[in-house]
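Below is one structure; the comments refer to it alone.
In what follows, chains are A, B, ... by sequence order, proteins preceding strands, each numbered from 1.
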2 protein chains.
Amino acid sequence: MYCEAMARTRDPAVRRLLLERAAQMLRTRQPVTLRTLVAGTGVSTMAVYTYFGGMDGLWKALRQEGFTRLATRLAAVKRSADPVRDLAALGAAYLANALENPDLYRVMFDAGFDLEDTGAADETLHRLVQVIERAKAEGRFHDEVDPLELATQSWAIGHGLASLVATGPLPHQALAHGAPMLTALFTGAGDEPARCRRSVEHGWGRAAPARPTSHDRKGAP
Amino acid sequence: MYCEAMARTRDPAVRRLLLERAAQMLRTRQPVTLRTLVAGTGVSTMAVYTYFGGMDGLWKALRQEGFTRLATRLAAVKRSADPVRDLAALGAAYLANALENPDLYRVMFDAGFDLEDTGAADETLHRLVQVIERAKAEGRFHDEVDPLELATQSWAIGHGLASLVATGPLPHQALAHGAPMLTALFTGAGDEPARCRRSVEHGWGRAAPARPTSHDRKGAP
DNA sequence: TCACAATACATAGCATCGCTATGCTTTGAT
DNA sequence: ATCAAAGCATAGCGATGCTATGTATTGTGA
């Protein structure tokens, strides 16, 4: 009685198609616009509204896609016997992901509109928190270290480097600063300096830094 | 013979007017567009083209304005007897500036188009390098510390925090992470831990953190 | 002092942007 | 089988940045 007749169901494939195409256009530096997005796909401009509610919704979904890819990348980092080494590996993976899709990374944070899906970022942080707690349990860090705070600080370091490199001011080589910075941070948290440096450098080497692509900008949001 | 007649000179006041108005609109979250920018100023849309060559030129000029304000803010940090304290004060000033005009800060780095005026950023870095060299000369840092590298790392920390707070993921309180992070970095560079912490916290207190404004987004570039 | 040319400035128009209004088509529950 | 609800396609709207064209202004060389 309340709902007398249901209607045509929307095809999830269309949504994925648009999202992947948008990410692809972002990656190839093509301006992502409503009409250019649907051009050649066979679907009409209205699809963007039925599936995303407009371009803003598409950007939000794209940002979430970015967080999803990041989470996948971080999940691929295998746990080792050394939690500090794992922390460094996570940091390296974070930077590698950011520099492999710099435009998507920009969308994730440069956003001019609010981000409501704070859960995505929180989940990423949680991964760090867990490893930090493991390091604490093994006595690598002081007892008074707050895992969430240390995780946030690690994040700030990673994001600072990633952002400065992705937006231009620093060259790709600057990513190498990540290792000494994390070493300083973890040493400050209580880890023994020499051991910390070895752990971080081991973990850091697990992820390739970046591609030396020549970068020309064009039509970012 | 080569230049037979010169013409009407352009008024620098118009350029400054447009630039200040753009910064003001950015600050009040009004969408900065070609027509809204010149509306009410008496000048026509063409002025944007004669003075900036288009909207892209205006954004570039705005970004340089952002760097100029930052440089002014940093120049206001008085030199004390303690270089590490001065470093922390510079970091705090950097964050304070970023959070006082978050939208301008975004324009400075989020830019979708290349930044050619790397000199502006370099000049900011140079200020840090000088103080770090002073700290080295006073024996606070190891001899093998590269001032430019340490300055870059300090910048990455400041930018990471500023960016994460300015774009939303972290709350304003997160700026407080700056002090412990810089302490860890400088301790890693050779400073004696307890003394470093005192220096950083003293320097950090010299600059107010930020305004607790409720933030709603609207029409960023 | 005068006249000219180069430049600033004002207006109008263009292509494109995101979005909405309007039908038509499809679909699934009754 | 029916029919309402939702997907979908098209056309058009206001607004965007930009360019083309014409006018006004002003510094300079004569």
Side-chain angles (χ1 to χ4, degrees), chain A residues 1-19 21-22 25-26 29-63 103 107 110-114 217-221, chain B residues 1-19 21-22 25-26 29-63 103 107 110-114 217-221:
Chain A
M1 162 81 72
Y2 293 101
C3 183
E4 310 223 0
M6 271 310 158
R8 198 169 170 177
T9 65
R10 62 182 67 174
D11 184 7
V14 175
R15 182 188 160 95
R16 267 187 287 111
L17 169 72
L18 289 177
L19 222 51
R21 176 167 167 82
M25 295 178 70
L26 222 56
R29 302 295 201 281
Q30 300 170 11
V32 177
T33 175
L34 175 65
R35 289 176 173 82
T36 61
L37 178 64
V38 301
T41 64
V43 308
S44 101
T45 61
M46 275 302 292
V48 175
Y49 290 85
T50 60
Y51 287 95
F52 302 99
M55 286 303 283
D56 275 22
L58 180 101
W59 290 117
K60 286 189 178 181
L62 212 49
R63 183 176 45 212
D103 299 274
V107 171
D110 292 11
F113 28 90
D114 304 295
R217 273 341 118 78
K218 197 74 178 271
Chain B
M1 162 75 79
Y2 294 99
C3 184
E4 311 224 0
M6 271 308 159
R8 199 167 167 177
T9 66
R10 61 182 66 173
D11 185 6
V14 175
R15 183 189 160 95
R16 266 187 288 110
L17 170 71
L18 289 177
L19 222 50
R21 177 168 166 82
M25 295 178 70
L26 222 56
R29 303 294 202 280
Q30 300 169 10
V32 177
T33 174
L34 174 65
R35 289 176 173 80
T36 61
L37 178 64
V38 301
T41 63
V43 308
S44 101
T45 60
M46 275 302 293
V48 176
Y49 289 86
T50 60
Y51 287 96
F52 302 99
M55 286 303 284
D56 275 21
L58 180 104
W59 290 116
K60 285 189 179 181
L62 250 182
R63 183 175 45 210
D103 299 274
V107 172
D110 292 13
F113 28 89
D114 303 295
R217 273 342 118 79
K218 197 78 178 266

How close or far is atom [atom2] of [N] from atom [atom1] of [X], stated in whole angstroms?
{"X": "B/Arg10", "N": "C/dA6", "atom1": "CZ", "atom2": "P", "value": "16 Å"}
{"X": "B/Leu17", "N": "C/dC9", "atom1": "CG", "atom2": "C1'", "value": "15 Å"}
{"X": "B/Asp11", "N": "C/dA10", "atom1": "CG", "atom2": "P", "value": "12 Å"}
{"X": "B/Phe52", "N": "C/dA8", "atom1": "CZ", "atom2": "C1'", "value": "15 Å"}
{"X": "A/Leu58", "N": "C/dC17", "atom1": "CG", "atom2": "C1'", "value": "15 Å"}
{"X": "B/Arg15", "N": "C/dT7", "atom1": "CZ", "atom2": "P", "value": "18 Å"}

| task | Summarise protein proximity over nucleotides 12-18 of chain D in one line of letters, 5' to 3': B for base, S for sugar-phosphate only, - for none, counting protein heavy atoms closer than 4.0 Å. | result | B---BBB

| query | What pair of heavy atoms forms the shortest contact from B/Arg63 to B/Val107, and how long is it? | reply | CD-O, 3.8 Å

| Reckon A/Thr9 has a side-chain N or O less than 4.0 Å from the OP1 or OP2 of C/dG28? | yes

| query | D/dT10, C/dA8, C/dT11: which one has an atom nearest the side-chain heavy atoms of B/Met46? | reply | C/dT11

Distance-only donor-acceptor pairs under 3.5 Å for side chains of residues 43-55 of chain A, two or more places apart:
| unit_1 | atom_1 | unit_2 | atom_2 | d |
| --- | --- | --- | --- | --- |
| A/Ser44 | OG | A/Met46 | N | 3.1 |
| A/Thr50 | OG1 | A/Ala47 | O | 3.0 |
| A/Tyr51 | OH | A/Asp11 | N | 2.9 |
| A/Tyr51 | OH | A/Asp11 | O | 3.1 |

| task | Output, in order, the C-alpha distance, side-chain angles, deciding distance and verdict of side chain to side chain contact (heavy atoms under 4.5 Å, CB included) for A/Val32 and A/Leu62. | result | CA-CA 11 Å; A/Val32 177; A/Leu62 212 49; 5.7 Å; no

| remark: Of B/Arg21, B/Met25, B/Gln30, the one forming a side-chain contact (heavy atoms from CB on, under 4.5 Å) with B/Thr36 is B/Met25

